[in-house]
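A short worksheet on the structure shown next.
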Amino acid sequence: METQKFYTLPPLPYGYGDLAPAISEEQLRLHHDKHHNAYVVGANGILERMDAARKNGTDLDMKATLKELSFHIGGHILHSLFWKNLAPAGKGGGGTPTGALADACMAEFGSFERFKKEFSAAAVSAEGSGWAALTLCKKTGRPIIMQIEKHNTNVYPNFAILMVLDVWEHAYYLDYKNDRGKFVENFWQIVNWDKVSKRLEKTVYR
Ligand code: MN
């Protein structure tokens, strides 16, 4: 198998207009084609600089390089997950989780409504630019909500990420101005629970 040495921008698994009105076509196009792509280009650029420095025997500023690399790779991976855990409302998007995911949420949060409330509060209160993530601790099997700062701060090593919500301003500003709360509320209409469940099952039962 050919090894892929650089990152590529994955195409969206739906059309640019398909998540409207929760996310408009213009907003989604900008977010995917410009913002997500910038992290792909950014990560690849740093990898190329590292390759060149190693080849030429020149020094790298390891602190700055690794900080920047982690930011861009984190951005790329989180956005790739984000597109996959969304689907058009009523066509795979929205509703409530079923199966193992519903059971895990019930055991941890007591009800889906309680989970939704906690996850929404995590997303709305994430400081500055960041994400809310539903993760799974592989040691305890407990679903744990994370608040990720930027793309890479506060991430728990070795936890499986099941679902993410991007709450950077670039994710919603065209549609919602500064009303992050409204964006988070509408996010629930486009969650692809089937994909989130599959990620849980893969993590737990592999
Ligand atoms: Mn984003």
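Whatever order the structure lists them in is the order used to number ligands and atoms, beginning at 1. These numbers come from the heavy atoms of this one structure, side chains and all, not from hydrogens, waters or symmetry mates. Predicted model only: the values in this text are computed from it and were never measured.
- The Mn ion (ligand 1) lies under 2.8 Å from an N, O or S atom belonging to His79.
- Between Asn186 and Tyr176 the shortest side-chain heavy-atom distance falls below 4.5 Å.
- Between the Mn ion (ligand 1) and the N, O or S atoms of Asp166, the shortest distance is to OD2.
- The cationic atom of Arg114 (NZ for Lys, CZ for Arg) does not lie both less than 6.0 Å from the six-membered ring centre of Phe109 and within 45° of the ring axis.
- Checking His36 against the Mn ion (ligand 1), every N/O/S atom stays at or beyond the 2.8 Å cut-off.
- Geometry note: the Mn ion (ligand 1) is the vertex, His170 NE2 and His31 NE2 are the arms, and the angle is 100° (rounded to 10 degrees).
- Ring centroid separation for the pair His151 and Trp168 comes in under the 6.0 Å cut-off.
- Crowding of Glu26 atom CD: a count of heavy atoms from other residues, nucleotides or ligands under 6.0 Å not exceeding 12.
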